[in-house]
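First comes the structure, then the notes that go with it.
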Amino acid sequence: KQYFFILFTEITLYVLLGYVCEREDLNGIFIKNLTCGTEAYNCGRINVNDRIIEVDGYPLQDLTNYEAVQKLKETGETVCLTFERYVTNM
């Protein structure tokens with residue numbers, strides 16, 4: 001696994017298109033798509049299927065998926081998201 005964080009403006013947060021995984025062993029909010037030309041896309045650090053594990057330092061692991069989405073919606077003008085990426089050996 002790899003972990004990294006990125007600071008976004010509130011407007012940028014809404015162009016990250018995610019999906020909520022309902023598998024019991026792997027829950028959370030994952031990146032489904034990145035919109036071309038946005039700050040999130042242009043930074044080059046976020047990949048499809050990366051998982052958001054913290055919002056402004058607040059861990060999402062013990063929250064329900066609904067609560068995690070609410071936490072994202074409650075952010076201010078800027079938000080720091082921490083991502084997790086599963087890496088496979090090639």
Side-chain angles (χ1 to χ4, degrees):
K1 294 180 195 178
Q2 292 179 341
Y3 301 93
F4 59 98
F5 68 93
I6 302 174
L7 186 64
F8 290 109
T9 63
E10 182 179 14
I11 294 169
T12 302
L13 180 61
Y14 294 108
V15 299
L16 287 173
L17 302 178
Y19 64 94
V20 176
C21 181
E22 296 293 343
R23 277 182 38 195
E24 220 172 282
D25 60 329
L26 187 63
N27 65 349
I29 300 172
F30 293 81
I31 302 304
K32 179 179 181 181
N33 190 19
L34 292 165
T35 304
C36 287
T38 62
E39 182 184 356
Y41 178 87
N42 290 339
C43 80
R45 295 184 61 203
I46 304 170
N47 292 340
V48 170
N49 294 323
D50 286 348
R51 179 165 61 159
I52 300 171
I53 59 169
E54 287 185 358
V55 176
D56 288 334
Y58 191 93
L60 301 181
Q61 68 188 25
D62 293 329
L63 301 181
T64 66
N65 288 327
Y66 176 81
E67 292 169 331
V69 170
Q70 291 305 113
K71 202 69 171 158
L72 281 169
K73 290 180 178 180
E74 293 171 359
T75 60
E77 288 184 25
T78 60
V79 59
C80 181
L81 299 179
T82 303
F83 294 88
E84 176 180 61
R85 177 177 300 150
Y86 289 90
V87 181
T88 57
N89 294 338
M90 301 209 152

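Predicted model, so just to flag it, every value in this text is computed and none were measured.
Closest approach of Lys71 to Val55, counting heavy atoms only: O-CG1, 4.0 Å. Nearest heavy atoms, Asn49 versus Phe30: O-CD2, 3.4 Å. Here the shortest heavy-atom pairing between Phe83 and Ile52 reads CE2-CG1, 3.7 Å. The minimum heavy-atom distance linking Ile31 with Asn47 is given by the pair CB-O, 3.7 Å.
Connection of Val79 to Ile53 is not established within any shared hydrophobic cluster, with ILVMFWY side chains joined at heavy-atom distances below 4.5 Å, either directly or through further cluster members.
From Glu84, atom CD reaches atom CZ of Arg51 across 4.5 Å, with rounding to the nearest 0.5 Å. Glu54 contributes atom CD, which lies 10.0 Å from atom CG of Leu81 (distance to the nearest 0.5 angstrom). To the nearest 0.5 Å, the span separating CG on Leu60 from CD1 on Ile29 amounts to 6.0 Å.
In this structure, the side-chain contact (heavy atoms from CB on, under 4.5 Å) partners of Arg45, at least two apart in sequence or on a different chain, are Phe4, Ile6, Cys43.
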